[in-house]
Amino acid sequence: MPKGEETRDRIVRHALQLSSAEGLEGLSIGVLASDLGLSKSGLFAHFGSKEELQLAVLRLVAERFEREVLQPAFRAPRGEPRIRRIFDRWMDWVSDAAQGGCPFVAASFELDDKIDSRPRGYLVTAQRLLLATLSRAAQLAKEEGHFRPDLDTEQFAFELDGVMLSFSHWKRLLRDSRAEVRAREAFERLIADARRPVSPDAS
């Protein structure tokens, strides 16, 4: 890796660490430069603005999520086994104390009202792609005969995402010891509903 790219990579990784405690909005060029032994102007030259630095952090998070959650999950067989693998890997991701939970969850609260923000736009695109991936996984489960044919796959994706958001809240904020148990119970109910046979017509 060329030295400039190596330095940029080092800056972004350290910025991600700082953002787990300070948030994206709390990232300071001065603190980053001091921590990494760089000048402010030298660090600024790699990004040009704080917004560009925030974008780079979000891209790094997306790359890690794909590598640590989605890629291993998609090596599982299509259908319900793959959805279960996504869920298990996602639970591990949210539970990762080293990164302070899921960075996307934290960023969503910071950026939801910043309509013209490029980091917000990137985050929205990434989240919609994830929901589409979950919906597609549920569709494959229907095609494999694991889920009922009338399942609304977008609703399934919505509810699975809701389980994970609740898990993050109960584990990270409330520090509830039963957060994982409750999340797994909610997931099993979601799967059971997805399997439920189509009810015959009352007529």
Side-chain angles (χ1 to χ4, degrees), residues 1-74 85-134 161 164-175 179-180 183:
M1 183 183 294
K3 186 175 181 180
E5 291 182 22
E6 182 178 353
T7 300
R8 179 184 172 89
D9 183 67
R10 189 161 60 100
I11 293 169
V12 175
R13 290 178 185 278
H14 190 63
L16 175 56
Q17 289 180 341
L18 288 180
S19 69
S20 68
E22 305 298 333
L24 284 176
E25 291 297 303
L27 286 177
S28 165
I29 297 293
V31 170
L32 274 170
S34 176
D35 286 354
L36 297 171
L38 301 170
S39 67
K40 286 186 181 181
S41 59
L43 191 147
F44 194 78
H46 285 279
F47 299 98
S49 69
K50 182 176 177 178
E51 188 174 74
E52 286 297 325
L53 176 61
Q54 292 173 334
L55 275 169
V57 169
L58 291 174
R59 290 190 185 105
L60 177 59
V61 174
E63 291 168 6
R64 286 185 174 179
F65 187 85
E66 182 174 356
R67 183 175 65 250
E68 298 175 20
V69 177
L70 297 181
Q71 289 180 1
F74 274 74
R85 184 72 61 83
I86 291 173
F87 176 74
D88 287 336
R89 299 293 299 189
W90 200 352
M91 290 280 285
D92 291 341
W93 169 268
V94 173
S95 300
D96 187 355
Q99 68 175 2
C102 179
F104 275 164
V105 172
S108 68
F109 289 107
E110 290 188 77
L111 301 176
D112 60 353
D113 289 326
K114 297 183 179 297
I115 304 300
D116 296 326
S117 161
R118 290 177 62 212
R120 181 189 185 278
Y122 180 86
L123 181 59
V124 167
T125 298
Q127 290 298 98
R128 285 180 174 162
L129 180 59
L130 173 59
L131 291 171
T133 299
L134 297 177
D161 186 51
M164 298 311 302
L165 287 171
S166 291
F167 173 57
S168 176
H169 181 75
W170 280 62
K171 184 175 182 65
R172 300 294 309 169
L173 179 64
L174 302 181
R175 307 292 180 180
E180 182 172 344

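At a threshold of 4.5 Å between non-hydrogen side-chain atoms, the residues Gln54 and Glu25 count as touching. No side-chain heavy atom of Arg13 sits under 4.5 Å from any side-chain heavy atom of Arg10. Using a 4.5 Å heavy-atom threshold, the side chains of Leu174 and His169 count as touching. For the pair Arg120/Glu110, no side-chain contact is recorded, criterion being any heavy-atom separation below 4.5 Å from C-beta on. Contact check for Asp9 versus Glu5: no side-chain heavy atoms found under the 4.5 Å cut-off. Leu24 places none of its side-chain heavy atoms less than 4.5 Å from the side chain of Leu123. Residues Leu53 and Leu32 form a side-chain contact, since some pair of their non-hydrogen atoms from C-beta on lies under 4.5 Å apart. The shortest distance between side-chain heavy atoms of Leu130 and Trp90 falls below 4.5 Å.
Taking each heavy atom of Trp170 and Ala179 in turn, the nearest pair found is CB-CB, 3.8 Å. Closest non-hydrogen pair, Ala183 versus Phe87, comes out as O-CZ, 3.8 Å. The two residues Pro119 and Leu58 come nearest to each other via the heavy atoms O-CD1, 3.5 Å. Heavy-atom minimum distance, Ala15 versus Val57: CB-CG2, 3.7 Å. Nearest heavy-atom pair across Trp93 and Pro103 is CZ2-CD, 3.9 Å.
Note that CD of Glu66 and CZ of Phe74 are 9.5 Å apart. Values are rounded to the nearest 0.5 Å. Considering CG of Leu43 and OG of Ser34, their distance stands at 11.0 Å, rounded to 0.5 Å. Of the inter-residue distances, the one linking Ser41 atom OG with His46 atom NE2 reads 10.0 Å to the nearest 0.5 angstrom. Of the inter-residue distances, the one linking Ile11 atom CD1 with Ile29 atom CD1 reads 8.5 Å to the nearest 0.5 angstrom.
Within 6.0 Å of CZ on Arg128 lie no more than 12 heavy atoms contributed by other residues, nucleotides or ligands.
No side-chain donor-acceptor contact under 3.5 Å links Lys40 to the backbone of Ala33. Counting only distance, with no hydrogens or angles, the side chain of Thr125 and the backbone of Gly121 share a donor-acceptor pair below 3.5 Å. Remark: side-chain polar atoms of Ser19 are paired, donor with acceptor, to backbone N or O of Leu16 under 3.5 angstrom. With hydrogens and angles disregarded, no donor-acceptor distance shorter than 3.5 Å links the side chain of Ser168 to the backbone of Met164. With hydrogens and angles ignored, the 3.5 Å screen pairs a side-chain donor or acceptor of Arg89 with a backbone N or O of Glu68.
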### Message
Checking Leu55 against Phe47 for the side-chain contact (heavy atoms from CB on, under 4.5 Å) test, could you report, in this order, the C-alpha distance in whole Å, the side-chain angles of both residues, the deciding distance, and whether it holds?
### Response
CA-CA 10 Å; Leu55 275 169; Phe47 299 98; over 6 Å; no

### Message
Let's go through Val105 and Val94 carefully: what are the C-alpha distance in whole Å and the side-chain angles of both, what is the deciding distance for side-chain contact (heavy atoms from CB on, under 4.5 Å) to 0.1 Å, and is it a yes or a no?
### Response
CA-CA 9 Å; Val105 172; Val94 173; 6.0 Å; no

#### Entry: Worked verdict on Tyr122 versus Arg118 for side-chain contact (heavy atoms from CB on, under 4.5 Å)
CA-CA 6 Å; Tyr122 180 86; Arg118 290 177 62 212; over 6 Å; no

